[in-house]
Amino acid sequence: MAPSVCLQEMIRVIRSARTQGEERGVIQRECAAIRAQFRQADSGGRSHNLAKLLYVHMLGYPAHFGQMECVRMIASPRYSEKRIGYLGAMMLLDEKQDASLLITNSIKNDLSHSSQYIQSLALCTLACMGSAEMCRDLAPEIERLLKASNSYIKKKAALCAVHIVRKIPELGELFTPSAHSLLSDKNHGVLHGAVVLITELCERNPGNLDEFRKAVPELVQIMKGLVTSGYSPEHNVAGISDPFLQVRVLRLLRILGRNNDEASDAMNDLLAQVATNTDSSKTAGSAVLYETVLTIMDIKSESGLRVLAVNILGRFLLNNDRNIRYISMTSLQKIVQTDHTAVQRHRGTIVDCLKDQDASVKRRALELSLALVSAANIRSMMKELLRFLSTCPPELRSHATSGIFNAAERYAPSQRWHIDTILHVLITAGGDVRDETVPNLIQLISVASELHCYTVHKLYRALISDISQQSLVQVACWCIGEYGDLLLKGDCDEIEPMQVTEDDVLDVLETILQSHMSSPTSRGFALTAIMKLSTRITNNIDRIRSVVSIYGSCIDVELQQRAVEYNALFKKYDHMRAAVLERMPIMDKNSPGHANGDPSGEITKDLIQTTPIQGLLIQEPASQVCDLLDLLGETNTSSQANQNQVNTTSNSTSSSVQENLLDLLGGLEPTPAPNVTVYEKGGVNLKLQCDNQTETAITVTFTASNSTQSDITSFTLQAAVPKSVQLQMKAPSGDVIPAQGRGTVTQTILLNNPNKASLKMRVRLSYTSQGTLCQDMVQIDSFPSPAWN
Amino acid sequence: MRFMLLFSRQGKLRLQKWYTATAERDKKKMVRELMQVVLARKPKMCSFLEWRDLKIVYKRYASLYFCCAVEEQDNELITLEVIHRFVELLDKYFGSVCELDIIFNFEKAYFILDEFLMGGEIQDTSKKGVLKAIEQADLLQEVDVSSPKSFFLFK
């Protein structure tokens with residue numbers, strides 16, 4: 001067995017361990033030694049061993065094997081062992097452990113011990129970890145001790161009784177008679193204990209309130225004694241006589257005076273006296289004043305007293321000590337609803353606290369400031385709040401912005417002020433505003449019709465300096481789209497004139513479209529705004545057209561859909577364009593279109609969907625139309641129109657493709673692929689030729705010839721391939737196929753098949769022959785491969 | 001008061017006293033969380049913060065953080081005074097107390113705390129009274145150790 005090391009030595013060794021592993025090793029050794037020692041009966045160093053174990057426990061290591069040892073130590077007749085045994089019980093045993101019941105008897109015996117220090121150990125342990133059963137068992141003992149002649153024990157018994165009442169409120173009636181009589185004791189410790197006990201009894205059982213209200217005069221007497229007494233060295237703390245006792249008495253008075261006129265009257269004078277006489281230069285005095293204020297505000301006090309209390313809080317606000325400022329704002333927050341005018345007087349100081357360094361003080365100041373905003377002070381308060389917003393810590397931002405918006409909405413003196421304020425917020429903290437701000441603001445702007453010019457100018461100016469705040473971008477885009485003509489007119493009475501050209505505006509909108517910082521919603525707004533401008537500007541319509549058509553092949557589905565529809569608006573429905581894109585009517589809040597951030601887009605979409613769309617033919621070869629997907633009859637919805645990639649798969653040709661590649665890799669020249677006729681009808685002949693460029697890239701060439709008597713015009717081909725294959729159509733050689741085989745039209749399509757899926761293709765032909773429009777479709781399931789090896 | 005913790009700047013727990021029945025696992029979790037929160041505070045910040053449903057009052061003395069969790073209706077300013085009183089008691093007892101004293105004599109620190117607070121409330125508002133009681137108890141222990149078969153009675 002390793003020699004046992006004394007406690008301090010062990011601590012030293014553990015502390016000198018350099019790694020966690022080393023420490024664990026030391027502790028394991030020590031625990032083994034301790035366990036061995038525990039098994040040995042009556043060893044001299046028992047208390048040392050338990051102390052060592054308790055240290056190990058504090059470091060976080062398991063120590064449950066010490067529980068029985070604690071029980072044994074508590075039963076020992078020696079004080080040193082009892083002391084450490086009880087400490088161990090408080091640390092290792094809690095009421096959930098079974099072993100805790102075993103010490104009940106020891107505690108009972110020790111409660112009647114002749115040595116008060118041993119009694120004190122028992123009382124302390126019971127008050128710390130006594131379970132409900134233990135409390136029930138020992139409550140009579142405690143009650144007896146409350147009446148004991150020794151004040152040392154009385155004060156401890158009182159606090160032990162508090163614990164018992166917390167555990168089993170019904171036992172409170174056991175202590176009620178003795179509690180009252182304790183108030184006549186001279187010892188401050190006993191008084192303190194008595195006041196705490198009475199507080200607990202009243203809180204647990206409101207029926208006790210009447211009984212203890214009779215004690216109000218006594219309590220008032222005690223307080224008076226403390227406040228007016230001269231210097232008492234034993235209880236003095238920074239010039240206050242026993243602040244701990246004062247605070248507890250005040251708290252009890254609060255509970256007794258609540259909702260009771262008689263009791264409140266009895267304490268009025270006292271409270272006034274305490275409030276005026278207490279020196280608050282140090283924390284102790286401030287603590288007493290704070291408790292006094294809480295009491296005054298909670299009981300039925302006269303208005304003069306209430307004003308005094310609010311003034312004390314106001315004085316606290318000016319205190320250098322940050323803790324006291326925080327406390328006062330917490331209290332003011334509680335009373336701001338009921339004593340609004342009184343708190344308003346301190347508005348200036350509260351607003352100053354917005355500039356404090358501490359985040360918790362700032363938070364309190366913000367909440368109070370928002371509560372103090374009223375119609376009278378809205379302009380000055382908003383200035384302060386906006387100033388605060390620019391230096392606001394990030395965790396308070398969204399709270400601040402929503403508070404500002406609420407305040408602005410309730411008390412805005414004018415529409416222009418309202419719009420200015422919201423703009424300011426968007427510019428400073430646009431990233432932190434809630435989502436519904438954007439539609440709310442749009443609605444607000446549309447309502448303020450005489451301010452459209454002003455608003456759009458301001459927004460434009462904000463936009464050109466910063467496009468990173470998404471909510472600002474969205475609102476600005478919407479405005480520019482709607483009121484672009486006012487923007488371009490240049491002059492506006494309330495703002496310095498600034499010349500804005502159509503190119504400038506389109507530049508900004510395009511920048512937003514292309515910027516990485518823009519969210520998909522913002523880009524949607526920007527695109528729609530560009531579209532709307534097509535009816536409001538004169539010179540750059542082509543530019544708009546090209547932007548819109550480029551986005552017809554955008555990756556983002558939403559943008560692509562919009563672009564495609566706008567394109568259609570240009571091409572087929574140009575006569576309707578002006579009507580569709582005209583100024584929006586004023587929305588009321590909560591109308592159906594209001595919820596969607598971009599109501600105009602919704603309307604144009606509806607219009608297009610109601611008119612039947614029949615095979616829109618878009619001439620640019622780069623874009624594929626969504627309805628090819630319908631042709632294929634796959635489950636793809638429009639969301640799959642991603643990149644002109646509509647794909648089906650088949651397995652047959654994949655292996656042949658691979659073998660072709662082996663041919664290539666083998667260094668053989670690929671023999672020219674055979675030309676296969678895939679379609680032959682009505683004199684039109686379509687041939688297909690395949691070339692494998694690389695492992696996954698295939699070039700497909702279609703050759704169309706015409707054997708009829710007359711030329712075929714407007715010949716177009718459209719193609720669709722399986723999902724995993726990518727397709728790129730090159731420009732056709734022409735769209736007229738001369739008659740009688742005199743010439744052909746060829747079109748090349750590049751395919752990329754990274755997954756080496758089997759190739760299938762669906763091709764739609766459309767042409768005009770002899771004045772009639774013909775359309776047809778052919779499915780190509782197997783692709784001819786170059787000659788096999 | 002619900003509980004009191006003493007911990008160093010490096011996050012080592014030096015003393016913990018719980019005044020409500022809490023499971024061991026929960027205790028560890030709460031200690032870990034609270035230490036993180038308090039250690040993250042900057043020096044000039046407020047001594048009070050809100051954590052879960054409790055109010056936390058903490059003060060740093062040299063390398064040790066004294067941290068108390070009090071309930072909604074408790075007075076934070078007086079809790080600061082309670083902490084200060086405890087530090088004064090330790091100081092008087094150990095003579096210019098430092099963290100090492102509390103590390104190597106942790107059981108004595110607990111004895112002092114148990115003489116000063118019970119169930120989270122102050123037992124004796126007089127500093128002298130508490131110190132005298134501890135002195136007497138120590139004497140009793142010493143006598144007991146030196147002459148194991150007898151012990152003095154003090155009333």
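In what follows, chains are A, B, ... by sequence order, proteins preceding strands, each numbered from 1.
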Would you name the heavy atoms of S115(A) and L140(B) that are closest together and state the gap between them?
OG-CD2, 3.9 Å
Structural part of H64(A) lying under 4.5 Å from a heavy atom of chain B:
neither
Out of H235(A), M129(A), Q357(A), K167(A), which one racks up the most heavy-atom pairs below 4.5 Å with chain B?
H235(A)
Could you measure the distance from the CD1 atom of I122(B) to the CG atom of L159(A)? Nearest 0.5 Å is fine.
10.0 Å
Working to the nearest 0.5 Å, report the span between CD1 of I11(A) and CZ of F106(B).
6.0 Å
Quick check: do V237(A) and R85(B) have side-chain heavy atoms less than 4.5 Å from each other?
yes
Is it true that, when you exclude K27(B) itself, more than 12 heavy atoms of the residues, nucleotides or ligands shown sit nearer than 6.0 Å to its NZ?
yes
Region of D242(A) in contact with chain B, defined by heavy-atom distances below 4.5 Å:
side chain
Got E107(B) and L7(A) here, is their nearest side-chain heavy-atom distance under 4.5 Å?
yes
Heavy-atom pairs under 4.5 Å with chain B - which of E291(A), H188(A), H163(A) has more of them than the others?
E291(A)
Quick check on the interface: out of E115(B), K128(B), K17(B), who has the most heavy-atom pairs with chain A under 4.5 Å?
E115(B)
Where does R12(A) contact chain B at under 4.5 Å (heavy atoms): side chain, backbone, both or neither?
both
For residues 37-44 of chain B, give me every residue with a non-hydrogen atom less than 4.5 Å from any non-hydrogen atom of chain A.
R41(B), K44(B)
Going by atom types alone, do E76(B) and N323(A) pair a side-chain donor with an acceptor below 3.5 Å?
no
What is the distance from atom CG of L121(A) to atom CZ of F111(B), rounded to the nearest 0.5 Å?
8.0 Å
Heavy-atom contact with chain A under 4.5 Å, split by part of T22(B):
backbone
Heavy-atom check, side chain of M58(A) versus side chain of Y110(B), under 4.5 Å:
yes
Choice from G193(A), S286(A), A284(A), A158(A) maximising heavy atom contacts with chain B below 4.5 Å:
A284(A)
Turns out that what part of Y86(A) lies under 4.5 Å from chain B's heavy atoms comes down to neither
Indicate whether any N or O donor in one side chain lies under 3.5 Å from an N or O acceptor in the other, for Q141(B) and S80(A).
no
R166(A) bridged to E121(B) by N-O distance under 4.0 Å:
yes
Between L49(B) and S360(A), is any pair of side-chain heavy atoms under 4.5 Å apart?
no
Please output the residues of residues 51-74 of chain B in contact with chain A, using a heavy-atom cutoff of under 4.5 Å, in numerical order.
Q73(B), D74(B)
So for I78(B), is it side chain, backbone, both, or neither that comes closer than 4.5 Å to the heavy atoms of chain A?
both
Heavy-atom check, side chain of L289(A) versus side chain of L77(B), under 4.5 Å:
no
Pairwise side-chain contact, W18(B) with M90(A), heavy-atom cut-off 4.5 Å (strictly under)
no
Are K156(A) and D124(B) close enough that some pair of their side-chain heavy atoms sits under 4.5 Å apart?
no
Proximity breakdown for L100(B) and chain A, heavy-atom pairs closer than 4.5 Å:
side chain
Please flag which part of V82(B) lies under 4.5 Å from any non-hydrogen atom of chain A: side chain, backbone, both or neither.
both
Could you tell me if the side chain of F104(B) sits less than 4.5 Å from the side chain of R15(A), heavy atoms only?
yes
Contact origin within L123(A) toward chain B - heavy atom pairs under 4.5 Å
both
Heavy-atom cut-off 4.5 Å, strictly under: side chain, backbone, both or neither for L87(A) against chain B?
side chain
From CA spacing to verdict: side-chain contact (heavy atoms from CB on, under 4.5 Å), Y79(A), L139(B)
CA-CA 10 Å; Y79(A) 179 71; L139(B) 219 60; over 6 Å; no
A21(B), C46(B), S126(B), G120(B): which one forms the most heavy-atom pairs within less than 4.5 Å of chain A?
C46(B)
Go through the atoms of L54(A) and report whether side chain, backbone, both or neither lie under 4.5 Å from a heavy atom of chain B.
both
Nearest non-hydrogen partners of A137(B) and R83(A), listed with the distance
CB-NH2, 3.5 Å
Is R364(A) close to chain B through its backbone or its side chain, or both, or neither, when contacts mean heavy atoms under 4.5 Å?
side chain
Heavy-atom pair with the smallest gap, counting every atom of C124(A) and D114(B)
SG-CB, 3.7 Å
Please look at V247(A) and chain B and tell me whether the side chain, the backbone, both or neither of the residue comes under 4.5 angstrom of a heavy atom of that chain.
side chain
Go through the steps to decide whether M45(B) and V361(A) satisfy the test side-chain contact (heavy atoms from CB on, under 4.5 Å), and finish with yes or no.
CA-CA 9 Å; M45(B) 288 175 98; V361(A) 173; over 6 Å; no
